[in-house]
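The structure under discussion appears below in the form of structure tokens.
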Amino acid sequence: MVSFPVSRDALRAQLWPLPALGVVLAAAAGVGLPRLDARIQHHLPPYLSTYLFGGGPGAARTVLESIAGSMITVTALTFSLTVVTLQLASSQFSPRLLRTFNRDRYVQRTLALFLATFTYTLTVLRTVRTEGTGQPLFVPQLSVTVAFLLALASVLALVAFLSHLAGKIRVETMLRDVHTDTEDTIRRVLPETGPAPAEYVMPPEPPVHAVPLPAGTSGFLTAADEEALLAAAVEADAVILIDRNPGSSLVAGTPAGAAWTRTGRPFTPDTLRILVGRTADALTTGAERTHEQDVGFGLRQLTDVATKALSPGVNDPTTAVHALSHCSALLCGLAKRDLSPRILHDDHGDVRVVLRRPTLAELLHLVVAQPLRYGAADPSVLARILMLLRELAWHTAPGEHHPIVGNLARVRSTVAAQDLHPGERAELLELCASVEEALTGRWPAVVP
């Protein structure tokens with residue numbers, strides 16, 4: 001079962017829905033406006049008629065044909081530029097950025113306007129009648145005027161689209177868009193602060209008699225329907241543990257979690273069959289990761305950009321440093337969020353569903369591992385990774401310092417293994433020391 005937010009996100013990531021809606025509305029307007037023209041044409045005041053199209057049937061046909069022909073050409077140009085931009089983003093930065101481009105409302109609205117103008121003009125063109133057709137002469141003045149205004153709007157939209165596209169393909173814009181989408185996901189999915197110690201309930205450990213809950217379909221876990229899982233657990237008088245967080249790759253028939261009865265007795269065959277089916281239906285999978293519930297997807301996109309920038313074919317460490325800066329800001333924000341498992345209770349306050357979330361250690365490993373491997377020989381990349389660890393240490397509680405300490409040790413060993421200039425090595429070791437100071441709550445000012 002696909003929830004409404006997931007379906008909405010899937011539609012928003014497609015280029016066709018908004019242009020298709022524009023075509024439908026334009027066809028309806030192309031049918032309705034000429035009929036309105038026929039009713040009010042002889043009742044319009046003279047001062048208003050002077051602003052409407054005043055030519056004959058031949059002139060009306062020429063105007064409409066010119067608009068229709070130019071619009072289909074402009075639409076093809078716009079689509080071609082969009083495809084080129086998608087190819088550039090995929091090859092130069094990361095294939096996982098294509099979803100961000102497809103979600104761009106500006107591109108969708110521009111295509112919708114062009115296709116709507118083309119459809120409306122063709123629909124109105126069929127209503128223009130000359131005297132030689134055996135029917136009364138008819139020139140829909142209002143409809144032709146609207147077509148002319150749509151053409152002017154399309155010209156302005158084309159200029160604005162070219163300016164928008166020029167800014168959209170800049171790597172800074174891409175990184176900012178991913179950052180914004182990820183922040184929206186974090187605010188939507190994760191509580192701002194963790195529960196108070198007195199209220200915190202440790203998630204239950206699966207007992208030995210727990211039964212596996214296989215995934216129903218293969219793909220990336222994009223969303224888990226909490227209400228459906230809670231209802232299934234209550235009906236079966238069970239506790240459900242989903243140990244795969246959104247963004248994980250699932251394989252049909254492979255366990256995505258476990259369930260056990262609260263009484264300790266085994267499930268009856270019918271109860272287990274229904275529970276397995278309802279749990280599988282509550283887990284939505286897709287061919288690609290999305291921002292709907294996946295807080296790590298944005299970090300994956302940013303890390304991919306950094307890794308691609310460090311490849312020999314691109315060799316752009318500055319872009320990698322910028323991507324790591326965005327990762328640092330997101331990780332510092334995540335450090336203030338509750339990343340503990342999501343626990344759902346029934347009406348009596350009993351634990352029924354436990355949903356796993358990515359830990360800060362996993363997210364930090366995601367951000368650091370590949371840039372550290374592929375940028376090991378670049379001092380600027382190593383310095384930015386150390387600054388990331390320092391900034392994250394400043395925002396985390398002492399009990400959460402273990403992953404930072406572990407990654408700091410990895411960076412130290414990487415620096416020791418590289419053939420660096422003595423001055424560069426000294427600066428990096430000094431940064432390592434500053435990370436250790438940040439772990440103790442000190443941030444010494446740097447004297448220029």
Side-chain angles (χ1 to χ4, degrees), residues 1-14 17 95-96 98-99 102 185 188-190 203-263 265-298 300 339-346 350-359 362 366:
M1 181 177 64
V2 180
S3 62
F4 171 73
V6 176
S7 302
R8 179 190 57 195
D9 184 74
L11 282 177
R12 188 180 174 186
Q14 302 293 328
R96 274 151 293 282
L98 297 187
R99 189 176 184 86
N102 288 345
T185 302
R188 186 175 62 252
V189 174
L190 299 177
E205 292 290 334
V208 294
H209 62 272
V211 297
L213 295 174
T217 55
S218 299
F220 291 102
L221 177 60
T222 56
D225 190 334
E226 295 183 356
E227 295 182 359
L229 289 171
L230 181 60
V234 171
E235 182 177 330
D237 193 21
V239 179
I240 295 176
L241 167 66
I242 303 299
D243 61 2
R244 309 296 296 276
N245 49 275
S248 301
S249 177
L250 301 183
V251 177
T254 302
W260 59 93
T261 60
R262 297 176 62 245
T263 60
R265 293 191 297 268
F267 292 105
T268 64
D270 288 342
T271 301
L272 181 59
R273 176 179 54 81
I274 294 174
L275 179 62
V276 169
R278 295 185 64 178
T279 302
D281 291 340
L283 302 179
T284 304
T285 58
E288 59 181 341
R289 297 173 67 175
T290 71
H291 284 282
E292 183 58 35
Q293 293 184 5
D294 187 357
V295 296
F297 181 46
R300 176 76 273 169
L339 292 171
S340 61
R342 167 86 165 141
I343 301 177
L344 306 180
H345 302 81
D346 59 17
D350 297 323
V351 176
R352 289 294 188 175
V353 179
V354 179
L355 299 170
R356 184 181 182 277
R357 287 174 174 153
T359 64
E362 292 172 337
L366 167 65

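- R244 meets the side-chain hydrogen bond (donor to acceptor under 3.5 Å, both in side chains) test with no other residue; sequence neighbours excluded.
- A228 and A282 get closest at one heavy-atom pair: CB-CB, 3.9 Å.
- Every residue meeting the salt bridge (Lys or Arg N to Asp or Glu O under 4.0 Å) condition with R273, not counting sequence neighbours, appears here in chain and number order: D270.
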query: When you look at D294 and R300, which way does the side chain to side chain contact (heavy atoms under 4.5 Å, CB included) test go after all the steps?
result: CA-CA 10 Å; D294 187 357; R300 176 76 273 169; over 6 Å; no

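- Summarising the geometry, atom CZ belonging to R357 is positioned 10.0 Å from atom CD belonging to Q293; distances are rounded to the nearest 0.5 Å.
- Judged by distance alone, with hydrogens and angles left aside, the side-chain atoms of E292 form no donor-acceptor pair with the main-chain N or O of T222 at under 3.5 Å.
- Legend: residues meeting side-chain hydrogen bond (donor to acceptor under 3.5 Å, both in side chains) with T285, ordered by chain and number and at least two apart, are T217.
- Shown here are the side-chain contact (heavy atoms from CB on, under 4.5 Å) partners of T185, two or more places apart in sequence or in another chain: R188, V189, H291, V295.
- For P255, the side-chain contact (heavy atoms from CB on, under 4.5 Å) test picks out P212, with sequence neighbours left out.
- The side-chain hydrogen bond (donor to acceptor under 3.5 Å, both in side chains) test applied to S218 returns no partner, not counting sequence neighbours.
- Contact check for T261 versus F267: side-chain heavy atoms found under the 4.5 Å cut-off.
- When all heavy atoms of V351 and P204 are compared, the pair lying nearest together is CG1-CD, 3.9 Å.
- Residues V211 and L275 fail the side-chain proximity criterion, which asks for heavy atoms closer than 4.5 Å.
- Rounding to the nearest 0.5 angstrom, the gap separating the CG atom in L283 from the CG atom in L250 is 7.0 Å.
- A search for salt bridge (Lys or Arg N to Asp or Glu O under 4.0 Å) contacts involving D346 returns R352, not counting sequence neighbours.
- The side-chain contact (heavy atoms from CB on, under 4.5 Å) search around P206 returns A210, L241, W260, not counting sequence neighbours.
- The side-chain hydrogen bond (donor to acceptor under 3.5 Å, both in side chains) check on R278 picks up E235, with sequence neighbours excluded.
- If you take CZ on R356 and CG on L221, they are separated by 11.5 Å, rounding to the nearest 0.5 Å.
- The salt bridge (Lys or Arg N to Asp or Glu O under 4.0 Å) check on E227 picks up nothing, with sequence neighbours excluded.
- Looking at D225 and D281, their side chains never come closer than 4.5 Å, going by heavy atoms from C-beta outward.
- A search for side-chain contact (heavy atoms from CB on, under 4.5 Å) contacts involving T254 returns V251, not counting sequence neighbours.
- Using a distance-only test at 3.5 Å, with no hydrogens or angles considered, a donor-acceptor pair links the side chain of S248 to the main chain of N245.
- Scanning all heavy atoms of the two residues, the minimum distance from L339 to T359 falls at CD1-C, 4.3 Å.
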task: Assess whether side chain to side chain contact (heavy atoms under 4.5 Å, CB included) is satisfied between T271 and D237, documenting all intermediate values.
output: CA-CA 10 Å; T271 301; D237 193 21; over 6 Å; no

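- The two residues L213 and V276 make their nearest non-hydrogen contact at CD2-CG2, 4.0 Å.
- Atom CG of L344 and atom CG of D350 lie 13.0 Å apart (nearest 0.5 Å).
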